[in-house]
Amino acid sequence: MFLESMQIAVHHRVSPDELPSNKKEVLRYLGYSKKDLLENETIDFSTDRLVDSCMAEMKSVLKCQGVYSIFDLNVEGKKISFADISFESESLSINLKSCTKIVLLAATIGPAVDALIKKATKLDTAKAAVMNSCGAMFIEEYVNLLNDKISKDAFSQGFKSKPRFSPGYGDVPLSIQKEFFRLLPCTQRLGLTLMESLIMAPEKSVTAFVGLESALYKQR
């Protein structure tokens, strides 16, 4: 049962073959507009080929995995409380309005991605930019996949999920990353490190909150 995993970390993994290669997202990260993407002729042949090559190269080294836990949640005004944590955030409290449970998740696509980007940075700035955009795309695709699983499992037990919300957005301080690392086995299961700068290594990693609201709430 989904909610029986509450406060017990669930380890999630997928093979690289299960992850989409979203070329349009890579091009968007590279600065192409929606109009550019609709008019494929505006994307030069060499860039198009480089994106394909970098996506294939990176996909061969992906190690997509995440962990998540579910906690009872209380929201009073701007005050958010779960586990043994209480803090204030106007933007997150709005996101979590009417939620009674919260999911904390952490996800990564592995250290080999950082190595590819670092190598390209030393040899070819254009390739480095494309590699970095590919990494941004793949971590987003993996977190979307993990988020979808959480949402479907929650829905099967009468809950609707809210859009995920990451530390550093709105008025949620990046320092809340420390609580993710305290409450989730980010290092033990995923090999993640939280540096003094509060940036994670591997760099292409994400932490996020997902609020869960009773599906009956809107019917009241």
Side-chain angles (χ1 to χ4, degrees), residues 9 11-32 47 50-69 92 103-150 163-170 172-210:
H11 189 196
H12 179 267
R13 288 172 287 189
V14 299
S15 71
D17 290 341
E18 296 177 74
L19 206 62
S21 295
N22 192 331
K23 189 173 184 177
K24 286 187 177 180
E25 276 298 284
V26 175
L27 292 168
R28 186 178 67 82
Y29 283 120
L30 285 170
Y32 286 88
T47 299
L50 182 58
V51 170
D52 286 340
S53 173
C54 287
M55 285 195 302
E57 186 177 358
M58 185 169 286
K59 194 163 190 176
S60 70
V61 303
L62 293 178
K63 187 176 182 181
C64 308
Q65 53 181 339
V67 289
Y68 63 91
S69 292
L92 183 56
V103 181
L104 269 65
L105 69 84
T108 185
I109 52 176
V113 169
D114 284 7
L116 279 180
I117 295 170
K118 186 176 180 179
K119 180 181 177 182
T121 300
K122 293 178 179 179
L123 301 174
D124 185 336
T125 55
K127 183 175 181 179
V130 175
M131 279 291 190
N132 190 56
S133 296
C134 287
M137 177 274 292
F138 278 126
I139 183 59
E140 188 70 13
E141 289 295 327
Y142 174 58
V143 177
N144 285 341
L145 190 154
L146 176 56
N147 201 155
D148 285 348
K149 172 183 167 45
I150 291 169
R164 66 176 179 269
F165 199 107
S166 287
Y169 287 94
V172 178
L174 198 57
S175 59
I176 205 74
Q177 298 268 49
K178 295 177 182 178
E179 303 298 346
F180 281 81
F181 275 71
R182 186 173 66 85
L183 294 171
L184 297 174
C186 299
T187 302
Q188 304 94 314
R189 302 304 295 271
L190 306 182
L192 290 179
T193 300
L194 185 64
M195 297 182 285
E196 289 185 10
S197 62
L198 301 175
I199 300 301
M200 291 181 286
E203 185 179 341
K204 299 306 181 187
S205 303
V206 167
T207 55
F209 301 102
V210 179

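- With sequence neighbours left out, the side-chain contact (heavy atoms from CB on, under 4.5 Å) criterion links L174 to P167, Q177, L198, I199.
- In this structure a side-chain-to-backbone donor-acceptor pair under 3.5 Å is present from S166 to T207.
- In the displayed structure, F181 atom CZ is contacted under 6.0 Å by more than 12 heavy atoms of other residues, nucleotides or ligands.
- The shortest side-chain heavy-atom distance between F209 and L104 falls under the 4.5 Å cut-off.
- Here the shortest heavy-atom pairing between M195 and A201 reads CE-CB, 4.3 Å.
- Here CG of L62 is found 7.5 Å from NZ of K59. Values are rounded to the nearest 0.5 Å.
- Note that CG of L19 and CE of M58 are 11.5 Å apart. Values are rounded to the nearest 0.5 Å.
- Interatomic distance, L116 CG to S60 OG, rounded to the nearest 0.5 Å: 7.0 Å.
- The existence of a salt bridge linking E57 and K119 is excluded, since no basic side-chain nitrogen approaches an acidic carboxylate oxygen closer than 4.0 Å.
- Considering OH of Y32 and OG1 of T47, their distance stands at 4.0 Å, rounded to 0.5 Å.
- For N132 (side chain) and A128 (main-chain N/O), no donor-acceptor pair under 3.5 Å exists by modelled atom type.
- Summarising the geometry of V143 relative to A107, their closest heavy-atom pair is CG2-CB, 3.9 Å, with the distance given to 0.1 Å.
- In this structure, the side chain of D114 does not engage the main chain of P202 through any donor-acceptor pair within 3.5 Å.
- A distance of 11.5 Å separates CG in N144 from CE in M137, rounded to the nearest 0.5 Å.
- The side-chain heavy atoms of Q188 and V67, taken from C-beta on, include no pair separated by under 4.5 Å.
- Remark: K63 engages no residue in a salt bridge (Lys or Arg N to Asp or Glu O under 4.0 Å) (not counting sequence neighbours).
- In this structure the side chain of L184 never reaches within 4.5 angstrom of the side chain of L190, judged on heavy atoms.
- Here CZ of F138 is found 7.5 Å from CD1 of I109. Values are rounded to the nearest 0.5 Å.
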Inset, instruction - Begin from the C-alpha positions of K204 and I117 and carry the test side-chain contact (heavy atoms from CB on, under 4.5 Å) through to its verdict. - result: CA-CA 10 Å; K204 299 306 181 187; I117 295 170; 3.8 Å; yes

Inset, instruction - For side-chain contact (heavy atoms from CB on, under 4.5 Å), just list the numbers for K149 and Y68, CA-CA rounded to whole Å, side-chain angles, deciding distance to a tenth of an Å, and then say yes or no. - result: CA-CA 11 Å; K149 172 183 167 45; Y68 63 91; 3.7 Å; yes

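- Closest heavy-atom contact between G66 and H11: O-CD2, 3.3 Å.
- Checked against salt bridge (Lys or Arg N to Asp or Glu O under 4.0 Å), R13 has no partners two or more places apart in sequence or in another chain.
- Of the candidates C64, S205, P16, C64 is the only one forming a side chain to side chain contact (heavy atoms under 4.5 Å, CB included) with Y142.
- Side-chain contact between V26 and S133 is present, with at least one heavy-atom pair separated by less than 4.5 Å.
- Between E140 and R164 there is a salt bridge, with a side-chain nitrogen of the basic residue lying less than 4.0 Å from a carboxylate oxygen of the acidic one.
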